[in-house]
Amino acid sequence: MELTKEQFIRDFKDALHEEQLIRVADATPTELFQALARTIRKYITPMWLKRRNQLVEDKQKIAYYFSIEFLPGRMLETNLLNLGILEVIKDGFDELGIDFTSVKRAEHDMALGNGGLGRLAAAFMDSLATTGYPGFGNGIRYRYGLFKQKIVDGYQIELPDDWFGSLGNVWEIRKDHDIVDVKIFGHVYLSVNEDGRVVPVYENSKTLRAVPYDVPQIGFENGIVNNLRLWDVEIPIEHEMGYPTIEERRKITDITAILYPDDSSYEGKELRLIQEYFMTSAGLQTIIKSYLKQGLPLERIHEKVSVHINDTHPAVAPAEFLRILMDDYGLEWADAWNATVKTMSYTNHTILSEALEKWDAELFKSVLPRVYQIILEIDHRYVAEMAARGVDASMIEHTRIVKDDQVHMAHLAIIGGHSINGVAKLHTELLKEDTLRDFYAIYPEKFNNKTNGIVQRRWLQIADEPLSKEIDQVIGTGWRKDIHQLRKLLDYKDDQQVLADFYRVKQEAKERLARFIAETTGVEVSTNAIFDVQVKRLHAYKRQLLNLLHILKLYWDLKDNPDKDMVPRVFIFGAKAAPGYHFAKSVIKLINEVANLVNHDESLQGKLKVVFLENYRVSLAELIIPAADVSEQISLASKEASGTSNMKFMMTGAITLATLDGANIEIKDEVGDENIVIFGMDKDEVYRHYEQHDYYSRALYEANPTIRRVVDSFVDGTIPNVRNEGSEIYEALITHNDEYFLLEDFESYVAAQEKIDQLYRDKEVWARMSLINIATSDKFTSDDTIEQYAQEIWNLER
Ligand code: 26Q
């Protein structure tokens, strides 16, 4: 958009004066943020309205991305950048004597997600708007986002994330116009109405009021504003509900109160099922209503609507869509089913079987009696159709939706949709040949890969502004609009000056992080050290513990030989553990106690530091990632579906230290073998162990003195204050046979770390690797990922 500095200053002052009756000089960062955000909102509104009207007029097909999580982080700077007014606003603030950075930091992260899956959903919203496709989000407006993590005495403590504060969310608009009812519980029987049609009759069901709040999603410098719709629950008007008690009111408002903080194991909690159904039903109802306004027949709704199911959390969608088409609008099964399958598509994000969603049939039936009837019907018809096709009986049994008194949500999503995709090449291959192989045999045409991506605008332009400016110097600014121009940097891979400049920019990012580390933890770290970073959710399969084993190995090396020739290292961790995930919490405690041990040991001469930064979140990632030299992506091969932080590190010039897992493989393909450090078993080797049952961790422990010394540190008093945690970890590694093969991969990990040490000694070599990583990271823009979804799954037009 066009905006002059003078106009902006007038608008901004108006907002501050009118709404807060305060002068610039007296306003706090929070007040300034509020006034700025309101000013921006005024700029957005006309574009938003225009987009809405134009889509209705043109009767364009719209894709709706259903996700129980969206994790955008802060929105202010992204919004300004995408509107094309970031520089004008910064100039205006300079003139007013306001520090932009402190204002931007006054915004609370919007953290309605756990990690990768939620962040990906937010990235897709940005990329949909940027590529200009009509793609809208549908989710939940949680009252509290992902818990805030504090570290007390080395332990994780969880505090509520009160992200509204007293001021609410400035970016949202409540849409009373689109309120709908959602029914749960009770009983349903079928009856014949006056027209002779079979209709369901509900008894004793509860009605929830679903209220949408819309958040604008702004495209990059294209004037397009899409919509992210987040649903909140309210207590229905009294006459509809009788007089609810306080207890009953509380039960209702609880539905959107919290985001489930567990991304690792699935637990069949009734409230979670209600959340899933609530957002799915509300979303589908309004989608169908708005489609009908076009005056087209419902049998052809798939020509104008796509519904995407982000993991199984909204996988009730096919059944609910059928229900609405049949019960509310009178379609016949065959027509409704045809439209449903063509409308729905699904992304799988995990191959860990413990994370696959299955609901106890009795529980499901009690919460969603009518939807359950419909699921049974889908299941019966599926079984009959497959039998008629001559599909093997055991294969039918494996793939049906309801079996052993459980409802298998992934099966519903696959059978009830036309597309299923994994999130990296390896992951999709594993789905086809292992986890979902029976489905692949039945429906090969439904399977496809969509490798994840990241928003380069946030991770490069915003999070690493100094590097962005350096890139401008070398290849001009064209890459900001067309990320593929980053490849021009390859022409400078032997240019000593450019390499030196890039190296300096990295050092400056490290200095910023070092200051933050000193301020928040009191630990002094040298920027001459290698900044070695692992930030992601804490999970056994991600193997933060392997990183810690290597740290302990270095510790013993230095104790034995204080003059050991090594480049100093700072190991930086950030990780939240699911509150009920005992093992993960023990690993956090251990990292913190190892940090205490090494950071205060003078004999190590500052060669080894360990830092755990609490409350890892999007805004902290923006500070940490540009400052990394080494990106730790060390999951056990086959376990990490894709990973996305690996892409962010690459884009800001870190060298990836990785197993051949998830998208690491595709990073390696881009940068070439010399510009990444790979170690450990590949997925075939891991699978061979599974088949042959031949892994015995105790043998490695007994045969390898280094491993023994490192593992013994957990239980021999080396690390203070970890009596319980230390023995738990020891047990996991030795007694319980080391489920994620840490000891098997240990030696090759150590060797890989030694290679990093050698490479880092030659600044030029390192800077060249770093530059090649940056130059080829265009491969992972989520704009291209979305382009593929739009073309190959949703069939959208711009
Ligand atoms: C399920 C049921 C009940 C409660 C919570 C959940 C739940 C919530 C979140 C289950 C899983 C998640 C999140 C999963 C996730 O983030 N997966 C990651 O998705 C990324 C984007 O595709 C990948 O890059 C990562 O590899 C994958 O781990």
Side-chain angles (χ1 to χ4, degrees), residues 459 463-464 467 502-503 505-514 517 525-536 542-551 553-554 566-575 591 595 598 607-613 616 621 623-635 640 643-664 667-668 671 673-680 745-746 748-774 777:
W459 299 104
D464 206 344
L467 177 58
F502 275 46
Y503 194 90
V505 167
K506 179 63 83 180
Q507 287 304 112
E508 286 164 8
K510 288 164 72 176
E511 278 155 26
R512 289 193 297 278
L513 181 58
I517 290 172
V525 299
S526 160
T527 53
N528 293 326
I530 298 174
F531 277 27
D532 184 320
V533 182
Q534 188 172 19
V535 285
K536 48 185 78 252
K542 295 179 189 279
R543 304 201 294 188
Q544 281 94 349
L545 188 56
L546 177 58
N547 190 338
L548 194 63
L549 293 180
H550 170 247
I551 293 171
K553 187 226 172 240
L554 291 180
M566 68 174 268
V567 183
R569 287 266 187 144
V570 180
F571 291 93
I572 298 164
F573 292 89
I591 294 171
V598 306
K607 285 183 184 161
L608 185 56
K609 292 279 165 92
V610 177
V611 176
F612 187 100
L613 293 175
Y616 181 63
L623 176 68
I624 296 173
I625 291 174
D629 294 310
V630 175
S631 158
E632 298 265 0
Q633 308 298 338
I634 61 178
S635 54
E640 189 71 271
T644 42
S645 74
N646 45 2
M647 303 168 185
K648 298 164 196 170
F649 282 104
M650 173 196 193
M651 191 172 274
T652 48
I655 306 308
T656 310
L657 171 52
T659 50
L660 289 173
D661 200 13
N664 301 343
I667 292 180
K668 171 175 157 295
V671 300
D673 294 353
E674 332 74 58
N675 298 301
I676 187 167
V677 179
I678 298 291
F679 76 97
D745 276 351
F746 180 75
S748 83
Y749 182 55
V750 170
Q753 286 285 18
E754 281 164 0
K755 185 167 176 199
I756 292 276
D757 179 285
Q758 289 303 321
L759 289 167
Y760 194 79
R761 290 166 194 241
D762 188 331
K763 284 188 181 179
E764 192 183 320
V765 166
W766 190 268
R768 183 175 300 112
M769 291 172 71
S770 176
L771 176 139
I772 291 170
N773 270 268
I774 298 165
S777 66

How close do [X] and [Y] get, counting heavy atoms only, and between which atoms?
X      : Y      : value
Ile591 : Phe612 : CG2-CD1, 3.9 Å
Ala767 : Tyr503 : CB-CD1, 4.3 Å
Leu608 : Ile551 : CD2-O, 4.0 Å
Ala575 : Gln544 : CB-NE2, 4.3 Å
Lys648 : Thr652 : O-OG1, 3.0 Å
Ala463 : Pro626 : O-CG, 3.6 Å

- request: Check the side chains of Ser635 and Asp661 for a donor-acceptor pair under 3.5 angstrom, ignoring hydrogens and angles.
  value: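 Present: a donor and an acceptor within the cut-off.
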
task: Say whether Gln758 and Lys755, considering side chains only, have a donor N or O and an acceptor N or O under 3.5 Å apart.
output: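 Per modelled atom types, Gln758 and Lys755 side chains form no pair under 3.5 Å.
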
Tell me, do [X] and [Y] make a side-chain contact under 4.5 Å, heavy atoms counted?
X      : Y      : result
Lys607 : Leu554 : no
Trp459 : Asp464 : no
Phe679 : Val750 : no

- request: Mind checking the CG-CD1 spacing from Leu660 to Ile678? Nearest 0.5 Å is all I need.
  value: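 So the gap between those two atoms works out to 4.5 Å.
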
message: With rounding to the nearest 0.5 angstrom, report the CH2 to CG distance, Trp766 to Asp629.
response: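 Trp766 CH2 to Asp629 CG: 6.0 Å, rounded to 0.5 Å.
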
Using modelled atom types only, decide if a donor and an acceptor are shared between the side chain of [X] and the backbone of [Y] within a distance under 3.5 Å.
X      : Y      : answer
Lys668 : Ala663 : no
Gln633 : Thr656 : no
Lys609 : Val598 : no
Asn773 : Met769 : yes

field: Passing candidate, side chain to side chain donor-acceptor pair (under 3.5 Å) with Glu632, options Gln534, Lys542, Arg543, Gln753
entry: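 Of Gln534, Lys542, Arg543, Gln753, side chain to side chain donor-acceptor pair (under 3.5 Å) with Glu632 is met by Gln753 alone.
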
- prompt: Would you call Arg512 and Glu508 a salt bridge, taking side-chain N to carboxylate O under 4.0 Å as the test?
  reply: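 Judged by the 4.0 Å cut-off on N to carboxylate O distance, Arg512 and Glu508 do not form a salt bridge.
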
Passing option when Lys510 is tested against Val505, Val525, Thr527 for side-chain contact (heavy atoms from CB on, under 4.5 Å):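 By the side-chain contact (heavy atoms from CB on, under 4.5 Å) criterion, Lys510 pairs with just one of Val505, Val525, Thr527: Thr527.
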
task: With Phe571 as reference, evaluate Val533, Asp532, Val611 under the side-chain contact (heavy atoms from CB on, under 4.5 Å) test and give the passing residue.
output: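 Exactly one option meets the side-chain contact (heavy atoms from CB on, under 4.5 Å) with Phe571, and it is Asp532.
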
